[in-house]
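Comments concern the structure below.
Read the numbers this way: they start at 1 and go in the same order the structure lists the ligands and their atoms. Being a predicted model, the structure only gives us computed values, none of them experimental.
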Amino acid sequence: MPLTGSSSPARSILPGSTLGILGGGQLGGMFAAAARRMGYRVEVISDVADCPAARLCDRLHVGRYDDPDFLAAAARGLDVVTFEFENVPATAAHALAAVVPVRPDPEVLFITQDRAREKSFLEKHGFACVPHRVVRSSAELTTACAQLGRPAVLKTAAFGYDGKGQRWLGEGDDPATAWHELGGNAPAGPREFVVESWLDFDCEISVVAARGLDGTTAAFAPTRNIHSRHILDVSSTPATLSAAVQAEAVSLTQRILKTLGVVGVACVEFFVTRDGRILVNEIAPRTHNSGHLTIEACETSQFEQQVRAVCGLPLGSTLQIAPAAMANLLGECWFDQTGGLQEPDWAAALSLPGVCLHLYGKSEPRQGRKMGHLTALGPTVIEAVERVTQARRLACRH
Ligand code: ADP
Ligand code: MG
């Protein structure tokens, strides 16, 4: 049993306690590494045994997310549970919450795991988002496309990530085909979709922030994000935005966390329009790929911040020590031009100054699969981006 520190805030969960994380991906792995460094035990709850967090935790529980008995058994002995992945049934979070505090609350997961619910939350509370319609049939999609105009993008309401479950709709594209391609006609396919206007934005940014048990918030500086084929490619910070846009993005994020009642870490993705408006794209109720550079660039990483927030400890300083950039390493990097497997040249990438390598321990590289990332610090953000992209080119040169 952990000691109760007299100077620590009431209700805090101290080192020596056992933290649970729902989901066994790389975000869970990096959380586990941060928590164990701070003296916590970490138990991972995953539906697959061979997951990135398995090698970094004290105990792995493998079972089905829709099995309440498995979840209740896994939760016994844990002091708090958080999550690293929102595509789990909200019933899973409720089954855990019957046994142990779950932070953020399962209701936050319920709202943010579904694009239709998330957009209705944003609209209800006056947070501007992209023009959109919720559609439940091919005919509704056709009507919505006529109202919104083209280009548009059709997204499944639930279970999408890294661009999965999305179809772009250009001027001549038939809505019925997109509907069919995303499984709208399949008996066990998705029932609900969101169709959005496709924005010709100025840039994409995101803000990772934490909210503690006492309601205090701490935001990291916004990152500028470049996506390729709907998947995050490069994030960098400072995001070189006007002071007004920067302040507005941080303030919107803090208000969203407060309105949702988040205890933990969340990330808000934004589009910045060419006329300087800031529209919410989506909310992730967890650490985020665009926040990985906080490991090297900030006084507290997003993962340590998640530990602090869910344990009721004081939030750490989000001060940035140096300009930084992060480049994702997707499965593509492991294939040569003939399609043969070839280990990337890590020594070449690491020969550049200020470059750090993170590999998630995934055994099978696949197209579009996030296998790791590189981070580079630099004297300016332009140089950090140059370093990290050059390091990736050197690693993946085949
Ligand atoms: P995911 O859950 O896969 O991250 P997003 O809705 O964030 O889904 O979409 C992934 C990326 O696709 C976005 O970061 C952006 O680059 C692009 N995208 C998505 N929706 C739009 C849109 N309405 N207009 C322009 N680009 C978009
Ligand atoms: Mg996104």
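Taking CG of Asp66 as the reference point, atom CG of Asp47 lies at 9.5 Å (rounded to 0.5 Å). Rounded to the nearest 0.5 angstrom, Tyr40 OH and Thr18 OG1 are separated by 10.5 Å.
Here the heavy atom of the protein found nearest to atom 1 (P) of ligand 1 is Glu282 OE2, 3.3 Å. Of all protein heavy atoms, the one closest to atom 17 (C) of ligand 1 is Trp198 CH2, 3.9 Å. For atom 8 (O) of ligand 1, the closest non-hydrogen atom on the protein side is Gln166 NE2, 2.9 Å. Regarding atom 3 (O) of ligand 1, its nearest protein heavy-atom neighbour is Gly163 N, 2.5 Å. In terms of protein heavy atoms, atom 24 (N) of ligand 1 is closest to Leu199 N, 2.9 Å. Given atom 20 (N) of ligand 1, the protein heavy atom at minimum distance is Lys155 NZ, 2.8 Å.
Between Phe85 and Tyr161, the ring-plane angle classifies as perpendicular under the 30° and 60° cut-offs. Ring planes of His373 and His358: parallel class, angle under 30° (limits at 30 and 60°).
In the vicinity of His227, heavy-atom distances shorter than 4.0 Å reach the ligand 1 atoms 14 (O), 16 (O). When each atom of ligand 1 is checked for a heavy atom of Val153 under 4.0 Å away, the hits are 20 (N), 23 (N). In the vicinity of Glu269, heavy-atom distances shorter than 4.0 Å reach the ligand 1 atoms 7 (O). Using a 4.0 Å cut-off to heavy atoms of Ser197, the atoms of ligand 1 that qualify are 22 (C), 23 (N), 24 (N). Less than 4.0 angstrom separates some heavy atom of Asp162 from each of these atoms of ligand 1: 1 (P), 3 (O).
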Query raised in the report: For Lys362 and Glu364, what are the C-alpha separation, side-chain angles and deciding distance, and is it a salt bridge (charged side-chain N to carboxylate O under 4.0 Å, His left out)?
Result: CA-CA 6 Å; Lys362 296 182 185 177; Glu364 195 196 335; over 6 Å; no

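In this structure, a donor-acceptor pair under 3.5 Å is present between the side chains of Ser206 and Thr223. No hydrogens or angles considered: a donor-acceptor pair under 3.5 Å links the side chains of Gln254 and Thr217. A donor-acceptor contact closer than 3.5 angstrom links the side chains of Glu43 and His61.
Residue contacts with ligand 1: Arg115 is included, with a non-hydrogen atom under 4.0 Å away.
With distances taken over non-hydrogen atoms, the option nearest atom 13 (C) of ligand 1 out of His230, Glu196, Glu204 is Glu204.
For Lys124 and Phe121, the positive end is not near the middle of the six-membered ring at less than 6.0 Å and at most 45° from its axis.
Distances from the Mg ion (ligand 2) to each N, O or S atom of Glu269 single out OE1 as the nearest. Closest to the Mg ion (ligand 2) among the N, O or S atoms of Glu282 is OE2.
If you look at Asn281 next to ligand 1, the close heavy atoms, those under 4.0 Å, all belong to the side chain.
Applying the salt bridge (charged side-chain N to carboxylate O under 4.0 Å, His left out) test between Glu196 and each of Arg150, Lys155, Arg115 identifies Lys155 as the sole match.
The Mg ion (ligand 2) lies at 2.8 Å or more from every N, O or S atom belonging to Asp162.
For Arg274, the CZ atom counts as densely surrounded, since its 6.0 Å shell holds more than 12 non-hydrogen atoms of other residues, nucleotides or ligands.
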